[in-house]
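For reference, the structure discussed in these notes is given below.
Every chain is numbered from 1 and lettered A, B, ... according to where its sequence line falls, protein lines coming before strand lines. Basis for what follows: all heavy atoms, side chains included, without hydrogens, waters or symmetry-related copies.
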Amino acid sequence: MTKVRVRFAPSPTGALHIGGIRTALYNYLFAKKHGGTFILRIEDTDQGRFVPGAEEYIIEALNWVGLTPEEGPGFGGEFGPYRQSERKEIYHKYAHELVGLGNAYYAFDTPESLEALRSAEANFTYNHTVRDGLDNSLNKGMEYAEKRIAAGDAYVIRLKVTPGETVHIPDLVRGDVMVQSSELDDKVLLKADGMPTYHLANIVDDHLMEITHVIRGEEWLPSAAHHVLLYQRFGWTDTMPKFAHLPLILKPVGNGKLSKRDGAKFGMPVFPLDWKGQSEEEFFQGFREAGFIPDAVVNFLALLGWHPGDDQEIFTREELISAFSVEHIGKSGARFDFEKAKWFNHKYIQDLGDAELMNFVKPLVQAKGYKVSDEYLQKALAMMKERVTFLSDFVEEAYYLFEPVRKYDEESIAKKWNTNLGPFFAGLKDILVTFEPFSSLSLEDMTKKMMLESGFKPGEILPMLRIALVGTMKGPAVFDTAELLGREETISRVDSFLQHVQAN
RNA sequence: GGUCCGUUCGUCUAGGGGUUAGGACACAUCCCUUUCACGGAUGAAACACGGGUUCGAUUCCCGUACGGACUACCA
């Protein structure tokens, strides 16, 4: 059995969106599952759409989610170069070889003239029914073509599709997909600028790189017939890779596939990492910056269009690899459900060990300028971890664990505060100065005893103590918070609260 | 328009000729908790429609409807 080799082949035309990450993930899982090789190939044959920084973004994004290629630009490998722009001569050679075989031809029609034909006739396509009336070597002969090429005229090479064949696309997800060759147009293989189109480049590269399985988005299914035809014309059918066309990721609401604009529209990230384009319009938030754990994103994505066959939802990387199979990839488009993504992240944060969690949160804490010990931070995280959805919540929602209360929940104060409480809190404050041990349990004990003696109910005191310490009615147990904050800070916050409340 | 692909709770999906059609997210109620969460329990919620085939179809076949992708010298 030949070794499994799969490739992820993005085009560096901007940020790699989350659907691309899923495609990469499925390729990666498939490779790992079968002890194969996961390859990155950069499809930069469109010089007009090249975006600086896009390739770096792709690689950084793959690294972030832990889908590091074993071969690719900067990753080594025996089948390079892995950037298509660096393989120009190879495509040139194969395109001309196909012409020699009589399976492709030179065409001189300009983009403008074809555009004119298209606007004149709505359904115009460059195919077997019209090519005889156009400007190409099929129509006007090889001699004519060679003369024009020698004269330096621009030309493209087109695939010569012969009608009357049934093209079978063996698809691991959809079975045997059939297309009549008469429906197919004579696709451009080599462009006038000497670069190949996707169709030529991906066949030549997959063949040369000994790719065994092509796992890509469903948007490629319509052109897959051309690709099969190309394998046939080159005489490579024996080693033609198996195809698996993945279902699309759809918009959260409405119709159509998820697009980059949907992020801003629905207030959620659709990219792995922040992307900063030229204009403000071209800024897109990333899952990383939104406070996601990469493994949570991977887990979420894995289940978006694939199912393990049982009821398991949470998977380690290893479990994902061993459970993965193309047979369980779904056929229909999957709606992007951000609520589910949030749940995965929340779940992952809860299940993460404190030390590991600290690695994620520490940079956020430092970015805010908070200076706390690892010990303090670890305790704070342990207290908060089941209450947060995003990593950033640790420093946003729970800012009060790192700095004084910014804002009191006035509504709760209005409801619960009355001046009779003043002496109680003043008394509590005095006791706190020397109270030992300053621990959650004994603090609670002491306070309860005080309430008993003074006749106040817990419902009167505790909510106000909470507001005093953290400003809000949400959050960890109030005495745990006091213990973490420590004696000095606790007293200071009770003091500030008293001043605030008496000022009003 | 043409070609191709698809259609099970609101969403992600399991299942598959005879099932109380299963799980998860979200939602609701309750318990736990004098906060918020976590956790637990319960609930509401689906086989697009019409024809076949069959003793029996949500499952197989054919249509219809609806949705989607593609339709460039873009990938």
*Whole angstrom value for the distance that separates P of B/A24 from CG of A/N345*: 20 Å

*Can you tell me, in whole Å, how much space there is between the C1' of B/G10 and that of B/A48?*
16 Å

*Would you mind telling me which of B/A37, B/A75, B/G39 lies closest to the side-chain atoms of A/D46?*
B/A75

*How close or far is atom P of B/C38 from atom NZ of A/K342, stated in whole angstroms?*
13 Å

_Rounded distance (Å) that lies between atom P of B/C74 and atom NZ of A/K187_ = 11 Å

*Taking side-chain hydrogen bond (donor to acceptor under 3.5 Å, both in side chains) as the test, write out the residues that go with A/N103, two or more places apart.*
none

*Please assess A/R7 against A/V214 for the test side-chain contact (heavy atoms from CB on, under 4.5 Å), listing each intermediate value before the final yes or no.*
CA-CA 7 Å; A/R7 84 301 197 275; A/V214 170; 3.7 Å; yes

*Considering only side-chain heavy atoms of A/E313, which listed nucleotide, B/G23, B/C5, B/C74, is closest?*
B/G23

*For the side chain of A/V156, starting at C-beta, report the closest nucleotide among B/C73, B/C36, B/A37.*
B/C73

*Centroid-to-centroid, A/W220 to A/Y198, below 6.0 Å?*
yes

_Between B/G23 and B/A46, how many Å separate the two C1' atoms, rounded to a whole number?_
14 Å

*With both distances under 3.5 angstrom, what nucleotide forms a Watson-Crick or G-U wobble pair with B/U71?*
B/G1

_How many whole angstroms separate atom CG of A/N255 from atom P of B/G68?_
4 Å

*Just to confirm, is there a sub-4.0 Å distance from OP1 or OP2 of B/U71 to any side-chain nitrogen or oxygen of A/S223?*
no

*Describe the nucleic acid contact of A/A192 in one word from base, sugar-phosphate, nothing, applying a heavy-atom distance below 4.0 Å.*
base

*When all nucleic acid strands are considered with a 4.0 Å heavy-atom cut-off, which category describes A/P12: base, sugar-phosphate, or nothing?*
nothing

*Report the distance from atom CD1 of A/I461 to atom P of B/U35, rounded to the nearest whole Å.*
15 Å

*Among B/G2, B/A75, B/G68, the nucleotide that comes nearest once only the side chain of A/K191 is considered*: B/A75

*Could you check which nucleotide pairs with B/A28 in any of the strands shown, counting Watson-Crick or G-U wobble with both distances under 3.5 Å?*
B/U42

*Quick one: A/D171 CG to B/A69 C1', roughly how many Å, whole number?*
14 Å

*Determine which nucleotide pairs with B/U53, using a 3.5 Å limit on both distances of a Watson-Crick or G-U wobble pair.*
none

_Nearest-Å distance once atom C1' is located in both B/A45 and B/C27_ = 10 Å

_Of the options B/C12, B/A69, B/C73, whose atoms approach the side-chain atoms of A/E219 most closely?_
B/A69

*For the residue pair A/Y106 and A/A145, what are the closest heavy atoms and their distance?*
CD1-CB, 3.9 Å

*Taking for each residue the nucleotide of RNA chain B with the nearest heavy atom, is it A/D310 or A/Q350 whose nucleotide lies nearer the 5' end?*
A/D310

*What interatomic distance, in whole Å, is found between C1' of B/U53 and the corresponding atom of B/A72?*
46 Å

_Euclidean distance, atom NE2 of residue A/H199 to atom P of B/C74 [Å, nearest integer]_ = 9 Å

*Quantified in whole Å, what is the C1' atom distance between nucleotide B/C9 and nucleotide B/U58?*
14 Å

*Looking at B/A26, B/U8, B/C5, which one has an atom nearest to any side-chain atom of A/L221?*
B/C5

_Derivation and outcome, side chain to side chain donor-acceptor pair (under 3.5 Å), residues A/H226 and A/S223_ = CA-CA 5 Å; A/H226 282 106; A/S223 56; 5.9 Å; no

_side-chain N/O A/R158 vs B/A72 OP1/OP2, d < 4.0 Å_ = no

_At less than 4.0 Å, is any side-chain N or O atom of A/K257 found next to OP1 or OP2 of B/C70? Yes or no._
yes

*If you measure from the P atom in B/U11 to the same atom in B/C47, how many Å do you get, rounded?*
12 Å

*asked:* If you take the centroid of each ring, where Trp contributes its six-membered ring, are A/Y26 and A/F324 closer together than 6.0 Å?
replied: yes

*Which nucleotide in the list B/U7, B/A24, B/A75 gets nearest to the side chain of A/S332?*
B/U7

*N or O in side chain of A/H328 less than 4.0 angstrom from B/G15 OP1/OP2*: yes

*Examine A/F338 together with A/F266 and report whether their ring centres are nearer than 6.0 Å.*
no

*asked:* Using the P atom as the point on both nucleotides, what is the distance between B/A14 and B/C60, in whole Å?
replied: 13 Å

_Heavy-atom nearest nucleotide on RNA chain B for A/P247 versus A/E444: which residue maps closer to 5'?_
A/P247

*Euclidean distance for P, B/U54 against B/A28 (whole angstrom)*: 50 Å

*Could you tell me whether the side chain of A/R148 reaches within less than 4.5 Å of the side chain of A/Y155, counting heavy atoms only?*
no

*asked:* Side chain of A/H346, heavy atoms from C-beta onward: which of B/A69, B/G6, B/C38 has the nearest atom to it?
replied: B/C38

_Per A/E339 side chain, nearest of listed nucleotides B/A26, B/G1, B/C36_ = B/A26

*Atom pair distance, as rounded to whole Å: CZ in A/F315 and C1' in B/A24*: 11 Å

_Which nucleotide in B/C73, B/C5, B/C12 has an atom nearest any side-chain atom of A/R335_ = B/C12

